[in-house]
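A short write-up of the structure that comes next.
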Amino acid sequence: MSQKIRVRFAPSPTGYLHVGGARSAYYNYLFARNQGGAFILRIEDTDVERSTEESLKMVMSDLQWLGLQWDEGPTADAKTELGSYGPYKQSQRIDIYLDVAKEILNAGNAYYCFMTDEEIEAQRQRLISEGKNPHIQSPYEDWSLEKAQAELKTGKTAVVRFKTKHLKKDYIVNDLVRGEVRFPSDMVGDFVLLRSDGMPVYNFCCAVDDHLMKISHVLRAEEHLPNTLRQLMIYETMKWQAPYFGHISLVLDEDRQKMSKRRGATSCFQFKEEGYLPEALLNFITLLGWSHPDQKEIFNREDTVKLFSVDRLHPSGAVFDRVKLKWMNSQYLRAMSNEVLWNHTEPFLKNAGLELPYNDKSWAHSSISVFKSYMETLVDGVTFYTALDDSKFEIKAESAEVLAWEPTKSVLRKWTELLKTHSGEKFTESEFLKMQDTVKNETGAKGKNLFQPIRVAVIGQPQGTELKILVPLMEKASLVKRAEKVLASLK
RNA sequence: GUCCCCAUCGUCUAGAGGCCUAGGAUGACUCCCUUUCACGGAGUAGACACCGGUUCGAAUCCGGUUGGGGACGCCA
C-alpha cells in the first residue's frame with residue numbers, strides 16, 4: 001500500500017486534556033513522525049451543549065505543553081487553520097455531513113424515526129426484561145421517505161437512523177493492536193446519524209471525516225471498539241475504503257477502573273501544575289501499552305520516534321502508577337543542569353510567594369544543586385526552598401523529641417553564641433564545620449546529640465538536607481534569628 | 001442482561017513452541033555509602049488465573065471456565 005500515512009487525534013473540547021487522550025495523541029504523533037506521515041488535529045465539537053472555545057484552547061495548550069505539534073488543524077490561537085482538508089472543526093462541516101446523510105437516506109439505508117424518548121425508554125426496559133438486546137425497534141423504519149417528509153411538515157421532529165437489521169453478517173477488522181476482531185452486525189441497533197435538530201452525531205461525522213481527510217490509520221482507545229462497527233457500516237454503505245484501525249488499551253486507575261478524578265490528577269494540566277515535566281509524563285505514558293525494543297525505561301522523544309512501531313503496542317489495560325511517574329519525573333529532574341532546573345523551579349517558588357534572593361544566580365544554581373536529588377517534582381522545590389525563607393520558618397512538631405534531649409540546650413546556646421560572634425555576613429562550608437567542632441568540644445555533645453539540635457536551629461526539623469551545604473546558602477542574621485527562636489522555645 | 005475486548009511479580013512490562021530455574025523497571029525489604037534524611041551502589045522476596053486439548057516439548061497454539069474491563073445515548 002503506497003498510500004500516504006495520515007493519522008489524527010480527534011478530541012472533543014469539553015474540558016482539559018486527559019492523560020489517556022494525551023497518550024492517544026502521542027501514539028498518533030509518534031506513528032506519523034516515524035512513518036513520515038501527517039499528524040492531524042480534528043475537533044469533534046458536534047455536542048454543542050458541552051463543547052466550548054475555552055476547552056479547545058485548553059486542549060491545544062496542553063498539546064503544546066507536551067510538544068505535540070500537529071501538521072493540520074486549527075492554529076494554536078484558534079483563529080485560522082493549517083492544512084488543505086479543512087475545516088477541521090466538525091461544527092463547521094455540518095453541510096458536508098448533511099449531504100452524506102441525504103445520500104444515505106435517498107438510497108433507503110436510513111430513515112426518519114419519530115419515536116419519543118419515553119417510547120424508546122419503555123421499549124428498552126421491555127427488551128431488557130425479556131433478556132434481549134435493548135436495541136431500538138422503530139416502527140418507522142419501513143416508512144417511505146415521502147411519508148416521513150410529510151410527517152415532518154406537520155411540525156413533528158425526528159432523528160435520522162441508520163438501518164442495520166438487513167445487514168446480517170459479521171464485520172471483520174484486522175486491528176493493528178488486537179488482530180482479527182469479529183463483530184456480529186446485531187451487536188448494534190439502528191444508530192442515530194442526525195439528531196432531531198439536524199446536528200450530526202459522532203459516529204457519523206467521524207466516518208465521513210476520516211474518509212474525506214484521507215486518514216490512513218485510526219489509533220484510538222479501546223472504548224471505541226464498538227463504534228468501529230458502526231463506522232464500518234457507514235463506509236460500506238458509502239462504498240468507501242475503511243482506514244486501518246488500531247485500538248489501544250485503556251488507562252486505568254489503581255482500582256482497575258477507567259481513570260477518574262477522585263483518585264488524583266487525570267489531566268495534563270494538573271500534572272503540569274503538580275510540577276511534572278512534559279518529557280517525563282510522555283515517557284511514562286508511552287510505557288503504558290508500549291515497550292522499548294531494548295527494554296529501556298528512560299528514553300527521549302527523538303528515540304521514541306525512531307523506534308515506535310504499532311506491533312509493540314500491548315492490548316491489555318494499564319494501571320496508571322503515580323508512584324512510578326514520580327520516579328520517572330525525578331530521573332528527568334536529576335538529569336537537568338542546575339541552570340535549567342532552576343529556571344523550571346523558579347516560577348513555582350514565586351507562585352508560592354516565597355521571599356528568596358531570586359536575582360542572585362550563583363545562589364540560585366548552587367541552592368538548586370543541593371535540592372536536586374531531593375526533588376521528585378518541581379513542586380517539591382517549594383518545600384525545600386521554604387526552609388530558606390525566614391518568614392516561613394517554624395519549629396516542626398517532629399523536633400519536640402530532639403528539643404527535649406538533655407544536651408540540646410547547651411548545644412543551642414553555644415551555637416547561637418558562635419553565630420553572633422561570627423565576623424562576616426555569610427559562612428563558608430569550612431567555617432560552618434569549624435563552628436560545629438567548637439560546639440562539640442565545648443559542650444561534649446556528639447553524634448545526633450550534636451547534629452540534630454543544630455539542624456532544628458537551622459531548618460526547624462531534625463532531618464533534612466546536609467547542613468554544611470545548606471548553611472553557606474543562608475545569611476548570618478537569618479541563622480541567628482532562627483537559633484534564638486528555637487532557644488526561646490526551650491523556656 | 002447481551003455483545004466485544006483483555007488476562008505474566010502489588011504495578012508497568014519482556015516473552016511470537018525448546019534460549020524460561022520466566023528477564024527488566026517500579027514499589028517493598030536488607031546491606032553498603034553517609035554524623036540525619038535523600039541521592040547513589042549491591043542484593044533478597046515477588047508472577048505465567050484455572051481446567052482440558054494439540055505437541056517429543058507450551059507462558060507462548062486451540063477450546064472451555066473464572067476474573068477484569070468496555071460498549072449497548074438525539075456523549076465522544
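In what follows, every chain begins at residue 1, and chains take the letters A, B, ... in the order their sequences are listed.
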Euclidean distance for [atom1], [N] against [M] (whole angstrom):
N	M	atom1	answer
B:G27	B:C12	C1'	11 Å
B:G17	B:C9	C1'	23 Å
B:G41	B:G15	P	26 Å
B:U44	B:C61	P	31 Å
B:C19	B:C5	P	31 Å
B:U21	B:U54	P	23 Å
B:A16	B:A22	C1'	15 Å
B:A49	B:A14	P	14 Å

Rounded to whole Å, how long is the line connecting atom [atom1] of [X] with atom [atom2] of [N]?
X	N	atom1	atom2	answer
A:Leu333	B:A38	CG	C1'	14 Å
A:Leu313	B:C6	CG	P	13 Å
A:Glu376	B:U26	CD	C1'	12 Å
A:Lys324	B:A28	NZ	P	13 Å
A:Leu232	B:C3	CG	C1'	16 Å
A:Lys326	B:U11	NZ	C1'	16 Å
A:Gln463	B:C39	CD	P	14 Å
A:Glu180	B:C61	CD	C1'	16 Å

Partner nucleotide of [N] by Watson-Crick or wobble geometry (both distances under 3.5 Å):
N	result
B:U54	none
B:C48	none
B:G40	B:C32
B:G17	none
B:A7	B:U66
B:A71	B:U2

Regarding [X], tell me which of base, sugar-phosphate or nothing describes its non-hydrogen contacts under 4.0 Å with the strands shown.
X	answer
A:Glu49	nothing
A:Gly464	base
A:Arg322	nothing
A:Ser373	base
A:Gln436	base
A:Glu121	nothing

Counting only side-chain heavy atoms from C-beta out, which of [options] sits nearest to [X]?
X	options	result
A:Trp327	B:U13, B:A25, B:C3	B:A25
A:Leu287	B:C37, B:C12, B:C5	B:C12
A:His314	B:C4, B:U11, B:U13	B:U13
A:Ser291	B:C6, B:U13, B:C12	B:U13

Between the base of B:A25 and the side chain of A:Lys296, is one N or O donor paired with an acceptor at under 3.5 angstrom?
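In this structure, the two groups form no donor-acceptor pair.
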Taking donor-acceptor contacts at under 3.5 Å, does the side chain of A:Tyr374 reach the base of B:C37?
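Answer is yes: a donor-acceptor pair is held.
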Name the residue from A:Val19, A:Leu252, A:Leu250, A:Val319 that meets the side-chain contact (heavy atoms from CB on, under 4.5 Å) definition with A:Met259.
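Testing each of A:Val19, A:Leu252, A:Leu250, A:Val319 against A:Met259, the sole residue satisfying side-chain contact (heavy atoms from CB on, under 4.5 Å) is A:Val19.
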Does [atom1] belonging to [X] count more than 12 external heavy atoms closer than 6.0 Å?
X	atom1	answer
A:Gln149	CD	yes
A:Tyr235	OH	yes
A:Lys392	NZ	yes
A:Lys296	NZ	no

Lys/Arg N to Asp/Glu carboxylate O, A:Asp210 vs A:Arg8, below 4.0 Å
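A salt bridge is present here (some side-chain N lies under 4.0 Å from a carboxylate O).
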Quick test of your reading of the model: are A:Glu394 and A:Arg482 salt-bridged, counting only N-O distances below 4.0 Å?
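Salt bridge flag = no for A:Arg482 with A:Glu394.
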Return yes if a side-chain donor-acceptor contact under 3.5 Å exists between A:Ser291 and A:Arg312, otherwise no.
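Yes, A:Arg312 and A:Ser291 have a side-chain donor paired with an acceptor closer than 3.5 Å.
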Can a side-chain donor-acceptor contact be found between A:Asp175 and A:Tyr244 if the only test is distance below 3.5 angstrom?
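Distance-only check fails for A:Tyr244 and A:Asp175.
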Closest non-hydrogen atom pair between A:Leu66 and A:Ala22, with its separation
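Scanning both residues completely, I find the closest heavy atoms to be CD1-CB, 3.8 Å.
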May I have the step-by-step check of side-chain hydrogen bond (donor to acceptor under 3.5 Å, both in side chains) for A:Thr228 and A:His247, ending in yes or no?
CA-CA 10 Å; A:Thr228 305; A:His247 289 90; 3.0 Å; yes
Could you say whether A:Ala318 or A:Pro184 is positioned toward the 5' end of RNA chain B, judged by the nucleotide with the nearest heavy atom to each?
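Taking each residue's closest nucleotide, the earlier one in sequence belongs to A:Pro184.
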In terms of the nearest nucleotide of RNA chain B, which residue is placed more toward the 5' end: A:Val177 or A:Gln295?
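Comparing both residues, the 5'-ward one is A:Val177.
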Given the side-chain rings of A:Trp70 and A:Tyr29, with only the six-membered ring counted for Trp, is the space between their centroids under 6.0 Å?
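No, the ring centres sit 6.0 Å or more apart.
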Just by protein heavy atoms under 4.0 Å, how would nucleotides 67-76 of chain B read 5' to 3' in B, S and -?
--BSSSSBBB
For residues 396-403 of chain A, which residues have at least one heavy atom under 4.0 Å from RNA chain B?
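Those residues whose heavy atoms fall under 4.0 Å from RNA chain B, taken from residues 396-403 of chain A, amount to none.
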Regarding A:Lys306 and the six-membered ring of A:Phe308, is the cationic atom NZ or CZ under 6.0 Å from the ring centre and inside 45° of its axis?
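A:Lys306 over A:Phe308 ring: no.
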